[in-house]
Amino acid sequence: MKTTSRCAAFRMKLREQLNLKNVYLQHVDKDVFVSSKWKCPTFYLCWRLFWALYHSSWLAGNLIVTSLDDDLSTAKWFIYLSNWVYLLLTVECVLELAVVVWEVYGRSKTYSGPHLPMLIKVMWLLYVMSVTGAVMVCIWYWTSVHKGREITAIRLNTHGVAALYILLNMVVTRIPLRVLHFVYPVIFGVAYTLFSAIYYSMDGTNQTGDRYIYSVLDWSRPDRTLALSSLSNFVFIPIVHLVLCAFNLGLDKLHQRFCPPAITHDQSLNSFDSEKQMMT
């Protein structure tokens with residue numbers, strides 16, 4: 001009986017995930033975007049603050065190092081997919097911190113009503129693209145691009161720590177990751193592929209003077225590059241996104257089984273008020 005009920009629950013969950021309405025950035029519970037799975041709102045605020053500062057510092061440091069190196073072009077920093085994704089990730093972290101702080105301390109009426117406000121929708125969109133994007137960049141870089149290059153701190157952070165952060169953050173945050181949201185990282189991947197093709201057609205070069213940004217996106221061999229980019233965009237990105245959705249669902253199930261239910265946002269606000277009163 002237990003097996004039958006679990007199968008029925010799984011089928012129901014799958015039908016819910018595959019409902020075409022879930023393509024849209026809409027959610028009935030706005031609190032999941034501003035609170036964590038755990039009962040400590042202070043920890044969540046500190047978590048958001050730490051990672052916003054961490055990624056902002058590394059992003060700024062990366063740009064400064066590039067600008068100070070005579071052999072590198074700051075403008076060409078923006079042609080690399082790794083940097084696109086890390087910039088996206090950093091903006092999302094800063095925006096998420098701003099939303100949490102504004103909701104907890106501002107008590108704004110922005111979040112009233114049946115629909116998600118545009119600010120949260122933008123944050124959710126950036127979150128979905130950066131989650132799948134950072135993991136894809138990690139896999140793609142270490143399997144196809146690295147090829148024995150020197151492992152610098154910036155490369156390790158951009159292509160390793162960023163993906164690790166994504167997995168750790170999924171343990172903490174309540175932001176949902178839906179199966180049908182794979183369309184957003186796919187669109188992001190297609191946009192970068194088009195950019196690389198246009199950049200090649202304009203005789204653009206990478207930091208070392210090659211006629212391509214990455215060797216796997218060498219448009220002097222269009223058939224090979226088109227095949228590889230299509231495989232990456234339309235097969236690998238959806239697979240990675242699906243695996244991350246399963247990982248996120250597994251984390252939710254484990255949390256529900258072994259830990260108390262996640263606090264509501266009202267409880268989170270009350271907890272913050274109590275802590276502030278104790279400190280005054």
Side-chain angles (χ1 to χ4, degrees), residues 25 27 29-62 84-112 116-135 137-138 157-158 160-178 181 184-185 244-245 247-248 251-252 254-255 259-279:
L25 296 166
H27 201 282
D29 184 7
K30 295 180 284 291
D31 295 339
V32 300
F33 298 94
V34 293
S35 56
S36 75
K37 293 182 175 74
W38 311 99
K39 273 192 170 183
C40 185
T42 302
F43 164 75
Y44 189 58
L45 183 60
C46 292
W47 177 267
R48 297 264 57 92
L49 177 62
F50 172 79
W51 286 110
L53 291 174
Y54 177 89
H55 291 305
S56 298
S57 300
W58 273 99
L59 179 66
N62 195 339
W84 279 33
V85 172
Y86 199 74
L87 178 61
L88 199 71
L89 176 64
T90 303
V91 172
E92 191 278 330
C93 280
V94 173
L95 185 59
E96 198 171 346
L97 171 65
V99 168
V100 171
V101 170
W102 185 252
E103 172 68 357
V104 170
Y105 291 103
R107 305 292 186 85
S108 171
K109 295 182 180 180
T110 305
Y111 305 111
S112 62
L116 285 179
M118 184 56 64
L119 184 63
I120 292 185
K121 287 184 178 182
V122 171
M123 184 189 76
W124 194 5
L125 176 63
L126 296 180
Y127 175 81
V128 171
M129 291 193 296
S130 60
V131 163
T132 305
V135 175
V137 162
C138 178
N157 180 71
T158 306
V161 175
L164 178 61
Y165 156 74
I166 291 299
L167 300 179
L168 292 175
N169 191 53
M170 290 173 73
V171 176
V172 175
T173 187
R174 295 176 65 199
I175 298 178
L177 197 60
R178 292 176 175 170
H181 282 176
Y184 300 120
L244 289 171
C245 287
F247 176 69
N248 193 51
L251 289 173
D252 289 342
L254 286 173
H255 188 270
C259 303
I263 57 173
T264 65
H265 188 52
D266 289 337
Q267 291 172 323
S268 174
L269 295 178
N270 291 336
S271 179
F272 267 112
D273 288 340
S274 299
E275 291 177 12
K276 286 189 286 185
Q277 289 174 2
M278 290 176 64
M279 291 188 291

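The two residues Ala163 and Val135 come nearest to each other via the heavy atoms CB-CA, 4.3 Å. Minimum heavy-atom separation, Leu116 to Leu25: CD1-O, 3.9 Å. For the pair Cys93 and Ala52, the tightest heavy-atom approach, listed with the atom from each and the gap, is O-CB, 4.0 Å. Closest approach of Val94 and Ser56 over heavy atoms only: CG2-OG, 3.5 Å. Smallest separation of non-hydrogen atoms from Val85 and Ala134: CG1-N, 3.5 Å. In plain terms, the two heavy atoms of Leu177 and Tyr127 that are nearest each other are CD1-CE2, 4.3 Å.
When the side chain to side chain donor-acceptor pair (under 3.5 Å) test is applied to Thr132, the partners found at least two apart in sequence or on another chain are His241. The salt bridge (charged side-chain N to carboxylate O under 4.0 Å, His left out) check on Glu92 picks up nothing, with sequence neighbours excluded. Residues that satisfy the ring-ring contact (aromatic ring centres under 6.0 Å, His included) test with Tyr165, not counting sequence neighbours, are Trp51, His55. With sequence neighbours excluded, the residues forming a side-chain contact (heavy atoms from CB on, under 4.5 Å) with Leu251 are Met170, Val171, Phe247, listed by chain and number.
Taking the six-membered ring for Trp, Phe43 and Trp38 have ring centres at least 6.0 Å apart.
In this structure a side-chain-to-backbone donor-acceptor pair under 3.5 Å is present from Lys37 to Thr173.
Screening residues 121-131 for salt bridge (Lys or Arg N to Asp or Glu O under 4.0 Å) gives no qualifying pairs among residues at least two apart or on separate chains. Residue pairs meeting the salt bridge (Lys or Arg N to Asp or Glu O under 4.0 Å) criterion with at least one member in residues 43-58, sequence neighbours excluded: Arg48-Glu96.
For Tyr86 and Asn157, the side-chain atoms include at least one donor-acceptor pair closer than 3.5 Å.
For Asp31 and Arg174, the salt-bridge test fails: no basic side-chain N is under 4.0 Å from an acidic carboxylate O.
A distance of 8.5 Å separates CG in Leu59 from OG1 in Thr158, rounded to the nearest 0.5 Å. Annotation: the span from Trp47 atom CH2 to Leu168 atom CG amounts to 5.0 Å, rounded to 0.5 Å. To the nearest 0.5 Å, the span separating OG on Ser35 from CG on Leu45 amounts to 12.5 Å. Atom CG of Leu87 is separated from atom CG of Asn62 by 10.5 Å, given to the nearest 0.5 angstrom.
The side-chain heavy atoms of Ile166 and Leu89, taken from C-beta on, include a pair separated by under 4.5 Å. In this structure, Ile120 and Pro117 have side chains that are in contact, with non-hydrogen atoms separated by less than 4.5 Å. Taking the side chain as every heavy atom from C-beta outward, Pro176 and His27 approach each other to under 4.5 Å.
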Exercise for the section: Give the intermediate values and the outcome of side-chain contact (heavy atoms from CB on, under 4.5 Å) for residues Tyr54 and Val161. Expected result: CA-CA 11 Å; Tyr54 177 89; Val161 175; 3.3 Å; yes
Problem - Working for side-chain contact (heavy atoms from CB on, under 4.5 Å), residues Leu244 and Val131 - result: CA-CA 8 Å; Leu244 289 171; Val131 163; 3.7 Å; yes
Problem - Residue pair Ile175, Met123: steps toward the side-chain contact (heavy atoms from CB on, under 4.5 Å) verdict - result: CA-CA 10 Å; Ile175 298 178; Met123 184 189 76; 4.1 Å; yes
